[in-house]
Amino acid sequence: MLEIRLTRTTTPKEKPQDESALGFGKIFTDHMFLADYTEGEGWHDARIVPYGPLSLSPAASVLHYGTEIFEGMKAYRTASGEIRLFRSMENIRRMNHSAERLCLPEVDEAFMLRALDMLVDLERDWVPHSVGTSLYIRPFMFGADPHLGVHAVHAATLCIICSPVGAYYAEGINPVKIAIEHEDVRAVRGGTGYAKCGGNYAASLRAGKRAEEKGYTQVLWLDGVERKYIEEVGSMNVMFKIAGKIVTPALTGSVLPGITRKSCIELLRSWGYEVEERLLSVGELIGAAEDRTLEEAWGTGTAAVVSPIGTLAYEGQEHTVGDGGIGAVTQKLYDTLTGIQWGTLPDTFGWCHTVEKPCD
Ligand code: COI
């Protein structure tokens, strides 16, 4: 396996004192992982180096054609001080699916896991201690070819950075208000919707900004063809409890196959809930809100964890979900998932992996 060279920082930064003020993705740790890919040579020059600016050609493919993919994962500190990663192999596999879609090079799964373990081990003192916090890990890859021709990349860079985080939303675990978007679309089948690539998020920003200006936290996307079926929220997948059943949009190709989504479905089914992965029209959803059979709604994601949705706005009208508070299923999912991640509940599914000390 490719060797990973380690250069430790000589100027470590001070760690945040007030973990209640971490927010999301604003503070970065002392080191980052880098590796380069060149066609013919493959991946090479894998290294962990002090966190700092990247140097790339102004002609690099990513700057012109958006050849970029990323992942989001978290490391958690348990009460006994162990550092654990959650379903990291799922993230690695999804990253390779995204790479295939964007014509970026795939990475060896075992090598990527080792890179993650090594970096997180080195940064273990950066994993925050307080309830609700974690070390967010952001692997990303971009096309680095210095050529303006539009073609699949021949050179790429893989990078992993880490950031100690609290809740993604300012609301914390309190319900968010979401606007259903009917003008812009995020993705279409056959496009890149299922891949985790920067372009999907760039396409979402205008609607997100408009929604924020009207007092909503994020938008709920409809499908890009009929503008009829519910897809996902800006930074999370979405689930509903309608008349006792759980309904979540099917993975049609334009929806991100979320790992928290998958974990919630597995938990819900293990508790005996019927979970329908299917097309859900906005008409059916608003109808359920109106006849009060829409009991709960929540989003799922690595950053967002399990976030209750208290209000849905559609065509200028607001609809309260359930009683507007956190529903019982939403709360149970949040408690169970975070309990498994922080080690306060048994990991009966075998989802967590303890970061050993490969750097010693
Ligand atoms: C995540 O949940 O990790 C995400 O990537 C969502 C977002 C912060 C882009």
Side-chain angles (χ1 to χ4, degrees), residues 22-29 66 68-76 84-99 101-102 112 116 119-120 127 132-142 158-173 176 178 181 186-187 192-209 211-212 217-221 231-239 248-249 251 254-265 298-309 333-334 337-338 341 351:
L22 285 174
F24 184 86
K26 296 182 294 190
I27 299 165
F28 298 95
T29 64
E68 190 267 357
I69 56 170
F70 68 97
E71 274 302 318
M73 44 209 301
K74 281 178 174 170
Y76 307 86
R84 298 161 72 154
L85 295 178
F86 181 74
R87 307 196 83 170
S88 35
M89 195 48 91
E90 296 277 344
N91 289 91
I92 295 171
R93 292 193 177 128
R94 188 173 64 184
M95 185 158 185
N96 277 337
H97 288 144
S98 303
R101 180 64 184 84
L102 276 280
M112 186 70 185
L116 285 163
L119 183 63
V120 174
V127 184
T133 62
S134 55
L135 185 73
Y136 186 77
I137 306 165
R138 171 55 64 87
F140 60 103
M141 188 197 295
F142 56 87
L158 171 65
C159 184
I160 311 174
I161 55 175
C162 303
S163 169
V165 298
Y168 183 70
Y169 295 121
E171 290 90 335
I173 178 76
V176 291
I178 300 288
E181 172 63 28
R186 172 189 170 273
T192 56
Y194 70 88
K196 204 159 174 66
C197 64
N200 291 342
Y201 294 82
S204 79
L205 297 177
R206 183 172 72 173
K209 184 164 171 270
E212 269 177 32
T217 307
Q218 284 193 345
V219 303
L220 176 54
W221 295 106
E231 297 228 308
E232 63 181 79
V233 176
S235 62
M236 52 191 193
N237 293 111
V238 67
M239 297 186 174
T248 191
L251 299 178
S254 48
V255 173
L256 184 82
I259 292 153
T260 311
R261 172 190 182 277
K262 180 175 176 176
S263 308
C264 286
I265 292 173
W298 64 91
T300 64
T302 300
V305 193
V306 174
S307 287
I309 298 171
L333 276 173
Y334 178 86
L337 200 63
T338 55
Q341 291 164 339
W351 285 338

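All of these numbers come straight from a predicted model, not from anything done at the bench. In this chain, numbering begins with 1 at the start of the sequence shown. Start at 1 and go down the list; that is how both ligands and their atoms are numbered.
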Worksheet item: What does the list of residues with a heavy atom under 4.0 Å from ligand 1 look like, ordered by chain and number?
Response: Phe70, Gly72, Tyr136, Arg138, Tyr168, Lys196, Tyr201, Ser235, Thr302, Ala303

Discussion item. So which atom in Thr260 and which in Val305 form the shortest heavy-atom distance, rounded to 0.1 Å?
Written reply: CG2-O, 3.7 Å

Fill in: Minimum heavy-atom distance Gly258-Asn237, with the two atoms named
CA-OD1, 3.2 Å

Response to the item:
One should read off an interatomic distance between Lys196 NZ and His97 NE2, to the nearest 0.5 angstrom, of 15.5 Å

Worksheet entry | With sequence neighbours excluded, residues passing side-chain hydrogen bond (donor to acceptor under 3.5 Å, both in side chains) with Asn96 | none

Discussion item. Please enumerate all residues that pass ring pair (Phe, Tyr, Trp, His ring centres under 6.0 Å) together with Tyr168, with sequence neighbours excluded.
Written reply: Phe24

Fill in: Pairing residues for Tyr76 by the side-chain hydrogen bond (donor to acceptor under 3.5 Å, both in side chains) criterion, not counting sequence neighbours
Gln341

